[in-house]
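First up is the structure itself, then whatever we jot down about it.
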Protein chains: 2
Amino acid sequence: MKLSARKEKILANVVEHYIPTGEPVGSKALSEKLGYSSATIRNEMSELCELGLLEKNHASSGRIPTSAGYRYYIDNLMSTSPLGDMECAKLEAMLRAGAKTPEKILENAGGILARLTGCATVVTTPADAQAKISKVELIPASSKTAILVLLTSSGILKNCVCRIDIDINENVKDRFKEIVDKYFLKAKVAELSEEMLEEIIGALENEDYAIKPLLSALYELGKEAGESKAYVEGESNLLAHRDAYGDITELMQFLQQREQLSRLVSFQETPQNSRMSILIGSENYFAEMEQSSVILSRYAFGNNAMGTIGVIGPTRIDYAKLIPDVEYLTDMVGRLLSEHYSEDEE
Amino acid sequence: MKLSARKEKILANVVEHYIPTGEPVGSKALSEKLGYSSATIRNEMSELCELGLLEKNHASSGRIPTSAGYRYYIDNLMSTSPLGDMECAKLEAMLRAGAKTPEKILENAGGILARLTGCATVVTTPADAQAKISKVELIPASSKTAILVLLTSSGILKNCVCRIDIDINENVKDRFKEIVDKYFLKAKVAELSEEMLEEIIGALENEDYAIKPLLSALYELGKEAGESKAYVEGESNLLAHRDAYGDITELMQFLQQREQLSRLVSFQETPQNSRMSILIGSENYFAEMEQSSVILSRYAFGNNAMGTIGVIGPTRIDYAKLIPDVEYLTDMVGRLLSEHYSEDEE
DNA sequence: ATTAGCACTTGAAGTGCGAGAGTGCTAACA
DNA sequence: TGTTAGCACTCTCGCACTTCAAGTGCTAAT
């Protein structure tokens, strides 16, 4: 669908007026700005309504953009400008300030983005379903407690504490190492399965049966390394945009369900071509997100591991400003994480 | 302060009527219920107002309890009944379901309590400032990355990934172990200080200087083990109680600041006698919490480590129901964590 | 000490009305 | 044929006004 130049001008003006003010825009205001009479504008707007790009709140009020309207605007009309050097430097400094561990980098990034944009942000932990288990360590912490550490080929590291009911002596360690070498090492995390775990446990000899908890825990760690987990930050920022929502309670409740969020984010990953993904209002799969837009971008580090960072706000968020913000922050996060994990460069 | 039996009856009835309905209660309703004439009730209520236990929203509407009113009610008039066996069993099952790691136990408990109470919950990680560092492990993960593990005498375990710019060979390990043994092992985490860290780093010989990041990271881990961190769950539940708040935005924003929350919770720890702590409305130190109440309880496990679990809701929450809920859940969490960590029993 | 009665206060809810913004449609115009 | 002017119509919003119910404080009687 290609609009006439004049329709595009009108659409762009409606969007750009509506986003900051939240007020429906009428024909008169545009007529002054664009030099056509209000009647002409009205005719054009009426057609834009029929095309599904604009809509009215009630029979007689100004027009506001529909999801499709925003979509057309973003894809064809909007121009974004990259962040200024000053701002980049400031963000980088903030991001580096608390960057002691990968978890903190992500948490920090979410918080910074939330403050920067005044919206809620979602951050997912890095994961790579294609990664292979490259290292497993078992460290006795006390006589019957051990720490299990797992490292994948893409640089993802997971660990947990595990309790078993026997002494962790050399024998146990050896037996564990044997099983790990045979079944877990070099295995793709995506290919770990309940069945496989049960098979391994089933094959345990009697005296080795006590190490079952270790194997279960290891399996869990592997699974975790393959699946990214979503965290939300700055939800309360959305309360400031309450006027853009009918009832904001639904949305807030939705944002507290991590599994749902993971799905929300993973849905975006289908378009393989671009790193950015924008879903506007009704484009979102979830009914609770109908009045919201999501701007997502992927970060990557190490060998193929990646996660997502994004903002969630009302459909009338300032796309032109937020898109570069999100983009820059994901870049930085990827870079910081690489610095943390990489072995060879730097 | 001791009230007459009749005043107590009136106060109790006001509180018990106001909590579920949220409506100010007038003299007429009480007169029917208590058998005194409305005028008598009015006189008594007027005195309760002067005592600061009741107040009016506006010159001519029913009375509602003040913070002091709730306080008197809770301390002297309220009776709580323990949870039923059925409910206990259900909660225990839910809690055990996802209880694979200590972190998950806590997260899970927060979520369960939030759903159970319809309020926000706050959970702090276990910490013990008096604990000593009992074990430190350094595990090379790749040529220049290592995992650092720290265990305290009270059973708290912390770990992180650390990157240094030299190969982690036997030499480095030995040197690190030497320093750990000398300065960190058996040290109280509360006594770790920046100065001490700088002193240690200052004393490094040239060739050892590269292990500085390891020492910094270790210091951070020790600090973390001594300080508990607060997490909130179920904030969106508070939106359902919006009518109990003027503007809920302030509160929501407050709940997102982890440092503030830690303070909110640590303030409660002063009364050493009891495990439970209830702060009502203006009893809270923070202005943002003026319209909220907090019910906190401590869990403990292992050797002296403890944390807090609690609910946050409007001042007119159902104390009689929530107090046993919180109590039971903290007990369970303590027990579950003990099962995870304990070495000797079970 | 308790109660009945009465005047008064206050907020909530409903009504009516006019202003303002904006639309759709028709007819005139270049 | 595309554009514009004009007009009747619609809808929201704020304001003033009324009414109603609930509840109070106070005084006087019991």
Terminal helix-axis angle for the helix from C:dA1-D:dT30 to C:dA30-D:dT1, with five pairs defining each axis and rounding to 10 degrees: 20°
Minimum-distance nucleotide to A:His58 side chain [options: C:dG11, D:dT12, D:dT4]: D:dT12
Whether B:Asp247 side chain and B:Thr249 backbone form a donor-acceptor pair below 3.5 Å: yes
Atom pairs under 3.5 Å, N or O on each side, protein against nucleotides 16-23 of chain C: can you list them with distances?
unit_1, atom_1, unit_2, atom_2, d
C:dT23, OP1, A:Arg63, NH1, 3.1
C:dT23, OP2, A:Ser27, N, 3.3
C:dT23, OP2, A:Ser27, OG, 2.7
C:dT23, O5', A:Arg63, NH1, 3.4
C:dT23, O3', A:Lys56, NZ, 3.4

Approximate separation, where rounding is to 0.5 Å, of B:Ile280 CD1 and B:Ile295 CD1: 9.0 Å
Side-chain heavy atoms of B:Arg63 within contact of B:Leu48, under 4.5 Å: no
A:Tyr73 side chain to A:Glu16 side chain, donor-acceptor N/O pair below 3.5 angstrom: yes
Sugar-phosphate, base or nothing in reach of A:Asn57, heavy atoms under 4.0 Å: nothing
Interatomic distance where CG belongs to A:Leu54 and P belongs to C:dG24 [whole Å]: 11 Å
Minimum side-chain heavy-atom gap A:Glu327-A:Pro82 below 4.5 Å: no
Rounded distance (nearest 0.5 Å) linking atom CG of A:Leu11 with atom NZ of A:Lys9: 13.5 Å
Nearest-0.5 Å distance, CD1 of residue A:Ile19 to NZ of residue A:Lys321: 12.5 Å
Protein-nucleotide distance (A:Asn43, atom CG; C:dA28, atom C1'), rounded to Å: 14 Å
B:Glu47 CD to D:dC26 P, straight-line distance once rounded to whole Å: 12 Å
Atom-pair distance (CD1 on A:Ile64; P on D:dT12), nearest Å: 14 Å
Spacing of A:Glu55 atom CD relative to D:dC11 atom P, expressed in whole Å: 17 Å
Run the side-chain donor-acceptor check on residues 20-27 of chain A: report pairs under 3.5 Å with partners two or more places apart or on a different chain.
unit_1, atom_1, unit_2, atom_2, d
A:Thr21, OG1, A:His17, O, 2.8
A:Thr21, OG1, A:Glu23, N, 3.0
A:Ser27, OG, A:Arg42, NH1, 3.4

Ring pair (Phe, Tyr, Trp, His ring centres under 6.0 Å) against A:Tyr36, all qualifying residues, sequence neighbours excluded: none
Whole angstrom value for the distance that separates P of C:dG24 from CD1 of A:Ile41: 13 Å
For A:Tyr319, all residues meeting ring pair (Phe, Tyr, Trp, His ring centres under 6.0 Å), sequence neighbours excluded: A:Tyr70
A:Cys49 vs B:Ala39, nearer the 5' end of DNA chain C by closest nucleotide: B:Ala39
Near-strand residues of residues 9-18 of chain B, defined as heavy-atom separation under 4.0 angstrom from DNA chain D: none
Close side-chain approach of B:Met45 to B:Ile10, heavy-atom, < 4.5 Å: yes
